[in-house]
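Whatever order the structure lists ligands and atoms in, that order sets their numbers, starting from 1.
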Amino acid sequence: MQIEDLGSLLAPVNSKIVLLVMDGLGGLPMEPGGKTELETANTPNMDKLAAEGILGQSCPISAGITPGSGPAHLSLFGIDPVKTEVGRGVLEAFGVNVTVNKGDVAARGNFCTLDSNGIIIDRRAGRISSEEAAPICERLKSIKIPGVEIEVKHVKEYRFVVVMRGAGLSPDLEETDPQRTGAAPLKVVAQNGAAQKAADLFNKWIEEANKLMKDEPKANGLTLRGFATDPGLPTYKELYNLRAACVAVYPMYRGVAQLVGMDLIKFDGETPEDEFKAVADHWNEYDFFFVHIKKSDSYGEDGNFDGKVKIIEGVDAALPKLVGLHPDVLVITGDHSTPAKLRTHSWHPVPYLLWAPASVRPDTEKEFGERACMHGGLGIFPALDNMPLSLAHALRLNKFGA
Ligand SMILES: O=C(O)[C@H](O)COP(=O)(O)O
């Protein structure tokens, strides 16, 4: 059973919750009997919190299902992503302050590298830098199609967003990203008759874009996915009576936070220290902080086990700055697993640590890792339970019923 509307249980308490998400945290041993990235990392600060707190494994969607970052974050925020599917296009657009209204359609774009036969040989164009990709986006802005307004905006590195607006379009479109190399980008296909106009517009735009990029050394192709329009989600204030803020480097995560009404904290730098300082600088303005670390996922996707270990260690080294703020609840987890061994997101449950000195019932685990989480007191649970668990441990939920 899931209580979908906690509104009637919310208590007027001034406690503070921090949700620290290391994207793609969950991993696998590279060899049988080995340790995962998190277990390999030297994490004395997380281990101390594990010893004082309670561990478990969260399941982003349901058993065996591999999630994208968007739906996985919605689960952590308490929004059922199966009932409320939000395409990546809207998340990316919101993340770079591009508005998407009803009737508009947004898509997440990847620059990719094609061979002479038009086959994808690199889904991320060699992870080209923002300095290389932004000028290409500027050139794509020159594409005009009668009857529709088009907005193109660079997101970060090989990522961009394209929005078709003002033409009463439907987002019911098949993605062009085959999600693998060795295949050509697919055509945009309408899932129903009402979406045919949008499909035709996007295919025309892609055709023109390919002409502009054909001589690019790395980004000579593109794929689109996550076609979507604004889903009109409730805000954290409406859902949980929380003043919520997001601290994230990558726009997509700022986008998913904005979808549920979180403020976006601007800050300099990209390191965990920079992010935790941003939390400290705004500590008195909010009740809830979502802090996102991206590189753990990127290194996982690149199969870089040691790189992912170092990212986790870097977060741990900076952690005292966050703990020193004395949050009533600190949750450390991931949105999904991205084992370096598999080089992609996976279905494996996600390590979850809840630290709440005044209210937690500690379990017997003494370190933060996948196997410790398997024995943790929370067991395995839906990521949708994150917000009720956090609110409860922050003493922000009254009892249910008389
Ligand atoms: O990094 C991202 O944007 C996503 O987590 C993965 O997207 P990609 O597989 O297209 O890089």
Close residues, ligand 1: non-hydrogen atom nearer than 4.0 Å: Arg88, Arg108, Asn110, Arg123, Arg124, Tyr158, Arg159, Arg225, Tyr253, Lys294, Asp297, Glu301, His345
Pairs under 3.5 angstrom only: tabulate donor-acceptor contacts from the side chains of residues 98-109 to other protein residues two or more places apart or in another chain.
residue, atom, partner, partner atom, Å
Lys102, NZ, Asp230, O, 2.8
Asp104, OD1, Gly166, N, 3.1
Asp104, OD2, Asn101, N, 2.9
Asp104, OD2, Arg165, NH1, 3.2
Arg108, NE, Asn110, OD1, 2.8
Arg108, NH1, Glu92, OE2, 2.6
Arg108, NH2, Asn110, OD1, 2.8

Pairs meeting criterion side-chain hydrogen bond (donor to acceptor under 3.5 Å, both in side chains) with involvement of residues 135-146, two or more places apart: Glu138-Lys141, Arg139-Glu216
Option among Ile332, Leu55, Val331 that satisfies the side chain to side chain contact (heavy atoms under 4.5 Å, CB included) test with Leu354: Val331
Whether Tyr286 and Phe289 hold their rings parallel, tilted or perpendicular, with breakpoints at 30° and 60°: perpendicular
Distance-only donor-acceptor pairs under 3.5 Å for side chains of residues 320-330, two or more places apart:
residue, atom, partner, partner atom, Å
His326, NE2, Gly324, O, 3.3
Asp328, OD2, Lys16, N, 2.7

Verdict with reasoning, Ile128 to Phe111, per side-chain contact (heavy atoms from CB on, under 4.5 Å): CA-CA 8 Å; Ile128 57 172; Phe111 289 123; 4.2 Å; yes
